[in-house]
Amino acid sequence: MTLQADVYWSFRSPYSYLATRRYVALTQKYDLAINQRFVYPLAIREPDFFEKNHPNWLAYTFRDIFRVAQFMDIPMAPPNPDPIVQDIATRKIAEEQPHIFLLTRMGQAAARRGKGLEFADEVSRLIWGGVQGWNEGDHLEQAAARAGLDLPELKAEAEAHSEALDSEIAANQNALEAAGHWGVPTLVFDGEPFFGQDRIELAVWRMEQKGLAKR
């Protein structure tokens, strides 16, 4: 029997990016279906989060993500543009956000089609994998095509049904918190949350206890 898991995920989260290709690999190796549940990043849900945090938090996070990427041989570069417009010096989040809402709504539209994980994987490789101007030209269109999706169709749905998609995204956040966590990436299996890219092996161990089988 195919096991089911949910992954809660954000386009602005470098750790989500670092985990995603491994989530994809799990669905290829095991009889496992992963339901991609997009949420808005902390910068949207709690705009003062970064300003309230310890000054070392952001610098340490950047040091850690590049270290993890190097250790795992995953391409990693500062996103250009950042999905969230933020003053890195003051850590203040800008009021105008031209990228994250459309991205996340398109992701949710992809999830409606059962292709959320594939879309997240391909697009995050652009954002965090070193593609400059990932939002320009045909980068996103090609990424969507590799995921088996049509970008103009996703964009049209994101623009025409923004309220409904935002309601689904908010429901994802509520479900994440109901499962026992608040951050991303979090994999939830059988009601148990596994937060972080460094808990994937632990999640697989738990799934194997519940009958996870190789394909």
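Looking at Asp121 and Arg21, no side-chain N of the basic residue comes within less than 4.0 Å of a carboxylate O on the acidic one, giving no salt bridge. In this structure, Lys210 does not pair ionically with Glu192, as no charged nitrogen and carboxylate oxygen lie closer than 4.0 Å.
Side-chain atoms of Ile74 and Leu18, non-hydrogen and from C-beta on, do get closer than 4.5 Å to each other. Considering only heavy atoms from C-beta on, Asn135 stays 4.5 Å or farther from His139 through its side chain. Residues Val188 and Arg37 form no side-chain contact, since every pair of their non-hydrogen atoms from C-beta on lies 4.5 Å or further apart. By the 4.5 Å heavy-atom criterion applied to side chains, Arg112 and Leu165 are counted as neighbours.
By the rule that hydrophobic residues join a cluster once side-chain heavy atoms approach within less than 4.5 Å of another member, Tyr15 and Leu103 end up as members of one cluster. Under the 4.5 Å side-chain contact rule for hydrophobic residues, Val7 and Val39 do not share a cluster. Grouping the Ile, Leu, Val, Met, Phe, Trp and Tyr side chains by contacts below 4.5 angstrom, directly or via other members, places Tyr60 apart from Phe195. Both Tyr40 and Leu154 belong to a common hydrophobic cluster when Ile, Leu, Val, Met, Phe, Trp and Tyr are linked at side-chain heavy-atom distances under 4.5 angstrom. A continuous path of Ile, Leu, Val, Met, Phe, Trp and Tyr side chains, each step under 4.5 Å between heavy atoms, connects Ile200 with Leu212, placing both in one hydrophobic cluster.
Atom CZ of Arg63 sits in a sparse spot, with 12 or fewer heavy atoms from other residues, nucleotides or ligands closer than 6.0 Å.
With Met106 as the partner, the side-chain contact (heavy atoms from CB on, under 4.5 Å) test is satisfied by one option alone out of Val123, Leu151, Leu149: Leu151.
Atom CG of Leu32 is separated from atom CZ of Arg215 by 7.5 Å, given to the nearest 0.5 angstrom. The CD atom of Glu177 sits 10.0 Å away from the CH2 atom of Trp182 when rounded to the nearest 0.5 Å. Going from atom CD of Gln197 over to atom CG of Leu187 covers 13.0 Å, rounded to the nearest 0.5 Å. How far CG of Asp82 is from CZ of Phe11: 13.5 Å, rounded to the nearest 0.5 Å.
Side-chain contact, Gln209 with Arg206: a donor N or O sits under 3.5 Å from an acceptor N or O. In the model, Ser13 has no side-chain atom that pairs as donor or acceptor with a side-chain atom of Ser10 under 3.5 Å.
Relative ring orientation between Phe38 and Trp9 is described as perpendicular, the plane-to-plane angle rising above 60° on a 0-90° scale split at 30° and 60°.
What you find for Asp166 and Arg105 is that their closest heavy atoms are OD2-NH2, 2.8 Å. Arg12 and Pro41 make their closest contact through CB-CB, 3.7 Å (heavy atoms, listed as atom of the first residue, atom of the second, distance). Minimum interatomic distance between Gly211 and Leu3 (heavy atoms only, all atoms of both residues): C-CD1, 4.2 Å.
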Is there a side-chain contact (heavy atoms from CB on, under 4.5 Å) between Gln36 and Tyr23 once you walk through the steps? CA-CA 10 Å; Gln36 186 79 1; Tyr23 292 143; 5.6 Å; no
